[in-house]
Amino acid sequence: MDKKGIKYKWHGNEAINMAAHVIGELYGMNDLTIEKWIYYTDLDFLSICASPRKKTLLHEYIDFIYFTMYEYTLDKHFPMEVINTFTDLLDFYKIDYSILGKFDFVGMTDDELNPVEFEEAEEYARKLFDFFTEVLSPVVIDDIFTVLFSNKLFLFEFNSQLRELIINLKVNDSPEYLKKDGVIKRCKYIPQWLKRGVFMRDKGRCQICGTDLTKILNLDNSENYDHIIPLENGGNNDPTNFQLTCEHCNKSKGDRSMEFNSLSNRYWDMG
Ligand SMILES: [Zn+2]
């Protein structure tokens, strides 16, 4: 592999790299915690997390961070970083972007270009970024989401920060979504796609006591889909706030309990 290849062929890790970046932001790396994000975007987050939808509130957060980061890179005039990243990603996902015309300097750095070439790079980077946004970004955002959705500690923190906003909401301002001050209404039903996703992520085990719910080991156990942060305590119905539990743990968990286990399912220890 040549020098350029080693430097730039990291597309396969884009989702993991970006997931790490989103975790950093959630914990306050650049002042883009949930509170700040909602403040900057003016997003109607309550309507999104009032009922489960496939494009979750976490998708919205990732989307914002992702594009803020690359727009910043463009604004600061580092076009080659944008070009090298997005051409890599478009190639990786086998998307044809020849419609954007020819650009001869892929793989180079900003410093290696003369002023005319640099101007060409700036123009191409902008076109590429717009094309990527339109054609590929939902796929990449979903890949980043997939990495983060398996990180229960992250999800707990994400929903804990949302909780800080929810507990201050007044029912008179949003009667369609709230049951009372600071409490979101229970969603009417949990869709099948969400149950399947949570069951697979949690590998068929109660996330509080670890009991097997696949019915392979025990036919009597039935599964429950439990709000990690209870609605009564500022939780919400976004898919990121659900976990798999057994009947017993579900019933014995208090209405307002914030008790949280990050149960890991070790691959070599499933039995
Ligand atoms: Zn249990």
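Note that the coordinates shown come from a computational prediction; the quantities given were computed from them, not determined experimentally. Note that ligands are numbered from 1 as they come in the structure, with each ligand's atoms numbered from 1 the same way.
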Take the angle between the ring planes of Tyr124 and Phe103 and call it parallel below 30°, perpendicular above 60°, tilted in between. parallel
Salt bridge (Lys or Arg N to Asp or Glu O under 4.0 Å) against Asp75, all qualifying residues, sequence neighbours excluded: none
In terms of the angle between their ring planes, are Phe129 and Phe86 parallel, tilted or perpendicular, with boundaries placed at 30° and 60°? tilted
Name the orientation class of the two ring planes belonging to Phe158 and Phe154 (parallel below 30°, tilted from 30 to 60°, perpendicular beyond 60°). parallel
Mind listing the side-chain donor-acceptor pairs of residues 190-201 below 3.5 Å, one per line with the distance, residues two or more places apart or on another chain?
from: Arg201; atom 1: NH1; to: Phe149; atom 2: O; distance (Å): 3.4
from: Arg201; atom 1: NH2; to: Phe242; atom 2: O; distance (Å): 2.9

Please report how many protein N/O/S atoms lie under 2.8 Å from the Zn ion (ligand 1). 4
I'd like a table of donor-acceptor pairs (distance under 3.5 Å, sequence neighbours excluded) in which one partner is a side-chain atom from residues 26-34, with atom names and distances.
from: Asn30; atom 1: ND2; to: Glu25; atom 2: OE2; distance (Å): 3.0
from: Asp31; atom 1: OD1; to: Lys36; atom 2: NZ; distance (Å): 2.9

